[in-house]
Amino acid sequence: MGSRPQFSIALIPGDGIGPELVESAVEVLRAASADLHFTTEDGGAGTFRRTGTALSPEVLHRIRNTYDGVLKGPVGLPDVRHPDGTEAGILGGILRGGLDTYANVRPITLLPGAATPLRSAESGIDYVIVRENTEGLYLSRGRGVGNDRAVADQLLMTREGTERVVRFAFELARRRDGAPADRVRRVTCVDKSNVLRSFAFFRAIFDEIADEYPDIERDYRYADAAGHDLVADPGHFDVLVMENFLGDILSDVGAATVGGLGMCPSGNIGDHAAYFEPIHGSAPSIAGQDKANPTSQILAAALMLEHLGDRSTAVRIKDAVARAYRQGGVRLLPDGCPEGGTEAATRAVIDALDG
């Protein structure tokens with residue numbers, strides 16, 4: 001343990017349930033003896049209310065140049081908005097563009113003991129959505145043009161942006177054990193290439209990159225068919241790669257099949273920076289009530305450790321989460337909140353760390 005490097009981690013607690021979840025994740029990291037030094041940074045809707053910006057340039061500079069990793073809670077509040085009606089307290093556009101974290105990695109895994117509404121999950125659910133993070137339709141964030149009769153948002157894909165996220169997906173597939181149904185390592189290209197030229201461009205580049213990975217099966221789904229098959233045949237999937245907006249939608253579809261948004265972590269990863277967070281929002285209606293499910297935030301912390309190279313501690317934490325669910329230490333109510341509350345669920349994971 002003493003030979004491991006200490007990593008400097010920025011914590012962005014965020015809004016709503018964010019501070020509770022980040023506190024839970026830090027408790028688990030400390031209990032697992034992760035060698036981390038934490039510094040709290042200010043960002044989110046509350047920050048926007050106080051300062052007029054969701055994340056200051058100074059904080060972004062420190063994140064880009066000072067820290068080894070960033071663990072972020074959910075941000076945003078429904079009443080904190082720009083004059084055009086878009087949310088003002090969210091950080092995705094600031095961090096993803098500012099750090100060039102082009103791969104949004106969203107594991108969708110059905111834990112033992114967690115409930116699924118699917119009858120089609122006999123072989124298990126264990127796939128990763130790799131969502132392009134810096135272009136696509138969301139590149140138009142804050143740049144839409146229009147008047148009171150019509151508005152247009154532009155979808156843009158570039159060769160460089162598509163090549164790097166597709167290659168990331170194939171490299172990830174090489175490190176995995178394949179799809180649950182058949183243990184075949186495969187990457188599924190999700191697009192609407194039958195309708196839009198931009199998606200045909202995405203698929204053509206996907207095929208070029210796939211030629212470099214003859215050991216990985218290439219696979220295709222139109223986005224609507226993918227939504228169907230993630231419900232009807234989830235065991236088929238291993239890694240899926242797609243445009244930004246599609247990834248945002250389909251990862252929520254996947255989350256619904258494994259117990260809800262509170263089960264799903266994400267990593268925003270680039271060549272020189274990364275940050276990690278749950279895929280869900282800040283749920284202000286339950287903030288401060290000890291109701292939120294900390295699973296997604298704890299698993300996001302494990303993803304961060306894995307990215308930093310501390311794979312053994314990451315595996316211990318992921319195994320502890322799975323053990324807590326399997327042994328009944330964490331049980332979810334119908335609304336997705338843990339029975340007994342946030343603190344009890346966190347304690348169950350900590351108690352399961354050493355089996």
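Values below: all heavy atoms of this structure, side chains included; hydrogens, waters and symmetry mates excluded.
- Annotation: the span from Glu41 atom CD to Leu71 atom CG amounts to 13.0 Å, rounded to 0.5 Å.
- Leu261 and Val349 are assigned to two separate hydrophobic clusters, defined by single-linkage of ILVMFWY side chains at heavy-atom distances under 4.5 Å.
- Between atom NE2 of residue His307 and atom CZ of residue Phe276 there is a gap of 5.0 Å, rounded to the nearest 0.5 Å.
- We find that Asp191 and Arg221 are not joined by a salt bridge, their nearest charged nitrogen and carboxylate oxygen being 4.0 Å or further apart.
- Phe245 and Leu156 are not part of a single hydrophobic cluster, where members link through side-chain heavy atoms under 4.5 Å apart.
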Original post:
Is there a salt bridge (Lys or Arg N to Asp or Glu O under 4.0 Å) between Glu212 and Arg167 once you walk through the steps?
Top reply: CA-CA 9 Å; Glu212 302 174 17; Arg167 185 168 283 110; 2.9 Å; yes
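- For Thr346, the side-chain contact (heavy atoms from CB on, under 4.5 Å) criterion is met by Ser24, Glu27, Val28, Pro294, Thr342, Ile350, not counting sequence neighbours.
- Enclosure of atom CZ in Arg326 by more than 12 non-hydrogen atoms of other residues, nucleotides or ligands within 6.0 angstrom is indicated.
- Linking ILVMFWY side-chain heavy atoms closer than 4.5 Å, directly or via other members, places Ile129 and Tyr220 in a single hydrophobic cluster.
- In this model, a donor atom of one side chain and an acceptor atom of the other lie less than 3.5 Å apart for His236 and Asp219.
- Considering Asn133, Asp153, Asp248 in turn, Asp248 is the only one that fulfils the side chain to side chain donor-acceptor pair (under 3.5 Å) rule with Tyr138.
- Other residues, nucleotides and ligands contribute over 12 non-hydrogen atoms within 6.0 Å of the CD atom of Glu306.
- Summarising the local packing, CD of Glu163 is surrounded by more than 12 heavy atoms from other residues, nucleotides or ligands at distances under 6.0 Å.
- Asp351 is linked by a salt bridge (charged side-chain N to carboxylate O under 4.0 Å, His left out) to Arg347, counting only residues two or more places apart in sequence or in another chain.
- There is a side-chain donor-acceptor pair under 3.5 Å between Glu171 and Tyr213.
- The side-chain tip of Lys192 points at the ring of Tyr222 from less than 6.0 angstrom away and within 45° of straight on.
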